[in-house]
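Notes for the one structure printed next.
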Amino acid sequence: MNPTYGPEADAYRDKVQAFLAEKLPSDWGGIGRLPNDEVKGFVDSWRTVLYEAGYLAPGWPVEYGGAGLSALEQVILAEEFAKAGVPTGGSNDGFGIQMLGNTLLVWGTEEQKKHYLPRILSGEDIWCQGYSEPNAGSDLGSLALRATLDGDVWVLNGQKIWTSAGHLADHIFTLARTDPDAPKHKGISFLLVDMRQPGIEVRPIRMISGESEFNEVFYTDATCPKHEVVGGVNNGWAVAMSLLGYERGASAATTPIRFQGEVDRLFMLAKERGVDKDPVIRQKLAWCYSKVEVMRYLGMRVLTQFLAGHQPGPDAGITKLYWSEYHQVVSELGVDILGADALVPSGRHPSSAFSADDAGAPNSSSSWVDTFLNARAGTIYAGSSQVQRNIIGEMVLGLPKEPKA
Ligand SMILES: Cc1cc2nc3c(=O)[nH]c(=O)nc-3n(C[C@H](O)[C@H](O)[C@H](O)COP(=O)(O)OP(=O)(O)OC[C@H]3O[C@@H](n4cnc5c(N)ncnc54)[C@H](O)[C@@H]3O)c2cc1C
């Protein structure tokens, strides 16, 4: 672990800070300071600023519209954005840029890269992730959505579920069963499907917070051209797994910064509510503080590996397991401190159902209650805690495999 970056990093950090100072208002205090109804407008215009500066996909080669930054520069950029409390892209860019784009760079044909990568960056194509099904979540290899070749098109029938931001997307990368006779992990293909067709229906699912951030997606004789397969027919499992590495590992640099901001806000809340001298609350606050410190060191370890050229693999699950379980405890403490006010939440809401509330957000009761409710899902999405423990045990620690049921 080497938490110091060296003098060349300082020069690049100055450059990023100058960019942020030039593009953000002088009184900027983080996106959480904006009222809920101004967030979307800001994110849309900020995305355009990043697109024009080439910062939307900092690690992609310049020929595909990226900034071609080194690993160190990417880390510094992400850190400075997190500290400033600004997003690194729009609502679906996690799917389009981090997941699909990075995967296409490894597995896509030259034609697919040239067609899709610029369209992802320009916002012409907006993507979501079609992996989970009602009977295939943790056991993703059991997926049943069927794709059958009919001449030059795949015909798709079946259902996906829990499709985050699917209602905002117009394309869905879809895992489909293309050979039902092959062993289950060997008969799957990774297809690029345009959602703007009558065979695709998106139905929102209402969450415990009252919001609808994810959906069911139904395919009824939906189609996609034969050549829209990534990584070869029946080779979708390998493609899907490399994409999950990007989903689970991308945030090592920024996660500790975000959770540090949240725990600082929790200390303020305890003071505001006059419970900061309560010995039981103090003990819990100290526990949260120490957890965030451990998260910081864990982040440095992942970063050191990343800077040495190691791509995220099964070990990315350690960070995800750690922050998602911590987050349920810290957000419950926030609600405990609010006391009866948590029963009638009011004020600004978090702008997303994932992770901590926005940087700079006020200590409103809605902020803590929504974060508490949303944190329930953190130990489920992107691989449940139990599954992460299996992966870490078997693939990182080399323990014996889980017995087959
Ligand atoms: C907020 C949210 C957003 C999501 N977004 C998306 C998305 O955009 N696209 C997408 O495709 N999916 C998405 N998902 C789905 C997510 O990937 C699945 O919910 C997750 O993989 C778990 O699958 P499941 O819900 O079917 O639960 P199951 O797999 O049915 O698991 C039920 C319980 O059994 C446990 N379990 C299962 N197998 C094992 C095992 N082998 N050993 C020990 N315990 C086990 C699990 O840990 C869990 O507690 C999202 C989910 C959530 C909550």
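Each ligand, and each atom within it, is numbered from 1 in the order the structure gives.
Ring-centre distance between Trp107 and Phe190: not below the 6.0 Å cut-off. Aromatic rings from Trp154 and Tyr219 are positioned such that their centres are separated by 6.0 Å or more.
Near Asn390, with a cut-off below 4.0 Å to any heavy atom, the atoms of ligand 1 are 40 (C), 41 (N), 42 (N), 43 (C). Which parts of ligand 1 touch Tyr131 is read off a 4.0 Å heavy-atom cut-off, strictly below it: atoms 11 (O). Within ligand 1, the atoms closer than 4.0 Å to a non-hydrogen atom of Glu402 are 40 (C), 41 (N), 42 (N), numbered from 1 in the order shown.
Between Thr163 and ligand 1, no pair of N/O atoms sits closer than 3.5 Å. For ligand 1, the polar-atom distance check against Asp139 finds no nitrogen or oxygen pair separated by under 3.5 Å. Geometrically, ligand 1 and Gln386 share a nitrogen or oxygen pair separated by less than 3.5 Å. When only interatomic distances are considered, the shortest N/O to N/O separation between Tyr381 and ligand 1 does not fall below 3.5 Å.
Ring-plane geometry between His327 and Phe259 is classed as perpendicular, the angle between the planes exceeding 60 degrees on a 0 to 90 degree scale with a lower cut at 30. Between Trp162 and Phe214, the ring-plane angle classifies as tilted under the 30° and 60° cut-offs.
Neither the backbone nor the side chain of Leu140 comes within 4.0 Å of ligand 1, counting heavy atoms alone. The proximity of Ser384 to ligand 1, defined as any non-hydrogen pair under 4.0 Å, is limited to the side chain.
Looking at Lys320, Arg376, Arg389, Lys291 one by one, the single match for salt bridge (charged side-chain N to carboxylate O under 4.0 Å, His left out) with Glu325 turns out to be Arg389. Partner of Asn215 under the side chain to side chain donor-acceptor pair (under 3.5 Å) criterion, out of Glu201, His167, Arg203, Lys160: His167 alone.
Between Asp315 and Arg301, no side-chain nitrogen of the basic residue sits less than 4.0 Å from a carboxylate oxygen of the acidic one, so the salt-bridge criterion is not met.
In this structure, Glu213 falls outside the shell of residues with a heavy atom less than 4.0 angstrom from ligand 1.
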